[in-house]
Amino acid sequence: MPPIVTTSIEKLILAAPRGYCAGVDRAVQTVEQALDEHGAPIYVRKEIVHNKHVVEQLTERGAIFVEEETEVPEGEIVVFSAHGVAPAVHENSKARGLRTIDATCPLVTKVHVEARKFAADGYTIVMVGHEGHEEVEGTMGEAPESIVLVQTVEEVDDLEIGDPDHVALITQTTLSVDETAEIIARLRERFPGIVTAKGEDICYATTNRQIAVKQLARECDLVLVIGSTNSSNSNRLVEVARDHGSESWLIDSHTQVKPEWLEGIETVGITSGASAPEVLVEDLVRYFRDLGVEDVSELRTVDESVRFMLPKEIRKGLPMAPSP
Ligand code: SF4
């Protein structure tokens with residue numbers, strides 16, 4: 001049934017880049033290929049990426065999503081999600097004789113490696129991130145005795161570190177670039193000798209989508225972000241859009257658009273989080289076209305060409321090995 005909404009909207013602008021990043025693309029392809037090569041069921045620990053639509057689609061194909069590796073029957077295949085896992089998860093999996101495929105994004109693995117190295121060198125590591133997020137749990141699991149988590153500038157003020165001259169910094173990959181800069185500035189004031197690894201931990205995809213949404217927000221009255229509520233980078237896009245002068249809402253799909261959001265709006269921007277498939281953007285564009293919006297354009301701020309190889313366990317010709 002066509003939507004019964006009259007609209008003042010004249011223009012639709014799509015952010016670019018938007019949607020799938022290289023890590024999500026790789027993780028989703030990993031489960032698809034595991035299903036193709038080994039057949040259902042394929043167990044997946046946690047949501048492979050934080051997107052409801054993706055999880056539903058893979059479930060239909062025979063993936064079984066579990067919270068913990070201990071729920072996977074012995075000897076079965078389990079894929080670890082893009083957000084990464086703590087070493088204890090590998091150990092448990094090995095003890096259960098599980099055949100593991102690790103779809104951790106290589107950019108998350110990079111932060112794990114940093115954490116291990118700093119801990120081995122005796123640093124207290126301050127991690128900037130969101131408590132309870134799977135990526136944070138996985139990274140902190142690399143060196144639980146050495147890592148403290150901070151989420152705000154206030155929490156930096158409250159930090160008590162035994163040796164303030166031996167402090168290292170890591171961050172979650174999907175934070176707000178601007179908010180994190182404030183927290184890091186405060187950390188540098190408190191611990192002037194704080195060390196970091198080479199290169200940023202906030203990943204290229206998070207950064208680029210935030211750059212794009214800032215520009216979009218300046219040109220739109222309303223920015224709709226497609227992404228699931230548990231997607232960190234999608235939530236950050238909403239915040240960044242609001243900080244840059246636009247109304248903004250997070251939606252899983254076009255079915256969640258509320259007509260009252262559109263009242264008096266002339267220009268609508270659309271973007272999508274790094275775990276949201278493009279088909280959901282296409283559906284949303286169609287929703288607005290059905291309302292009579294004809295002016296649809298794209299605002300490109302950055303070109304992306306990052307690609308990652310599939311995990312070694314899934315590349316053709318390699319045998320499935322038990323967890324290392
Ligand atoms: S958002 Fe960044 S770190 Fe996360 S999966 Fe995508 S590329 Fe990797």
Side-chain angles (χ1 to χ4, degrees), residues 15-33 44-55 58 65 79-86 101-115 127-130 132-142 169-180 196-213 225-240 250 271-278 280-281 301-311 314:
R18 63 177 177 274
Y20 269 22
C21 61
V24 164
D25 194 31
R26 172 182 187 264
V28 174
Q29 275 193 55
T30 297
V31 180
E32 288 172 346
Q33 236 171 284
V44 183
R45 186 186 179 277
K46 309 277 186 193
E47 292 191 350
I48 183 74
V49 299
H50 285 156
N51 186 269
K52 211 171 141 218
H53 177 87
V54 171
V55 169
L58 291 173
F65 290 86
V79 180
F80 297 147
S81 80
H83 308 101
V85 297
I101 303 173
D102 190 353
T104 303
C105 176
L107 300 182
V108 173
T109 301
K110 167 184 166 288
V111 183
H112 281 229
V113 171
E114 289 166 12
M127 177 167 198
V128 186
H130 295 291
H133 190 280
E134 284 148 45
E135 182 188 327
V136 169
E137 286 176 354
T139 306
M140 290 187 73
E142 290 286 356
L169 166 71
I170 59 174
T171 79
Q172 191 178 332
T173 57
T174 50
L175 301 176
S176 154
V177 174
D178 295 340
E179 261 182 50
T180 307
T196 58
K198 220 171 142 196
E200 298 293 327
D201 290 342
I202 296 181
C203 77
Y204 82 94
T206 301
T207 306
N208 289 349
R209 278 148 194 71
Q210 288 176 20
I211 290 170
V213 85
V225 178
I226 299 180
S228 291
T229 49
N230 58 346
S231 161
S232 171
N233 80 89
S234 303
N235 280 293
R236 303 294 83 76
L237 291 174
V238 172
E239 291 166 6
V240 172
L250 181 67
T271 187
S272 47
S275 43
E278 183 65 8
L280 300 176
V281 174
T301 47
V302 189
D303 284 320
E304 285 182 349
S305 56
V306 179
R307 293 280 176 280
F308 296 131
M309 286 171 80
L310 290 177
I314 207 77

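In each ligand, atom 1 is the first atom listed, and ligand 1 is the first ligand listed. On a predicted model such as this, the values are computed, not experimentally measured, just so you know.
Under a 3.5 Å cut-off, the side chain of N235 and the backbone N or O of T229 do form a donor-acceptor pair. The main-chain N or O of V213 is never found under 3.5 Å from a side-chain atom of T271 such that the two would form a donor-acceptor pair.
Residue-ligand proximity, C21 to ligand 1, at heavy-atom distances under 4.0 Å covers atoms 1 (S), 5 (S), 6 (Fe), 7 (S). Less than 4.0 angstrom separates some heavy atom of C203 from each of these atoms of ligand 1: 1 (S), 2 (Fe), 3 (S), 7 (S). Distances below 4.0 Å separate heavy atoms of G23 from the following atoms of ligand 1: 5 (S), 7 (S).
Taken to the nearest 0.5 Å, the CG atom of L169 stands 6.5 Å off from the OG1 atom of T196.
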Take D102 and T104 through the test side-chain hydrogen bond (donor to acceptor under 3.5 Å, both in side chains) and record every step on the way to the result. CA-CA 6 Å; D102 190 353; T104 303; 2.4 Å; yes

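Looking at atom 4 (Fe) of ligand 1, its nearest protein heavy atom turns out to be T173 OG1, 4.0 Å.
At a cut-off of 2.8 Å, C105 does not coordinate atom 2 (Fe) of ligand 1 through any N, O or S atom.
Between H133 and H83, the ring planes lie perpendicular to each other; the angle is over 60°, past the 30° to 60° tilted range.
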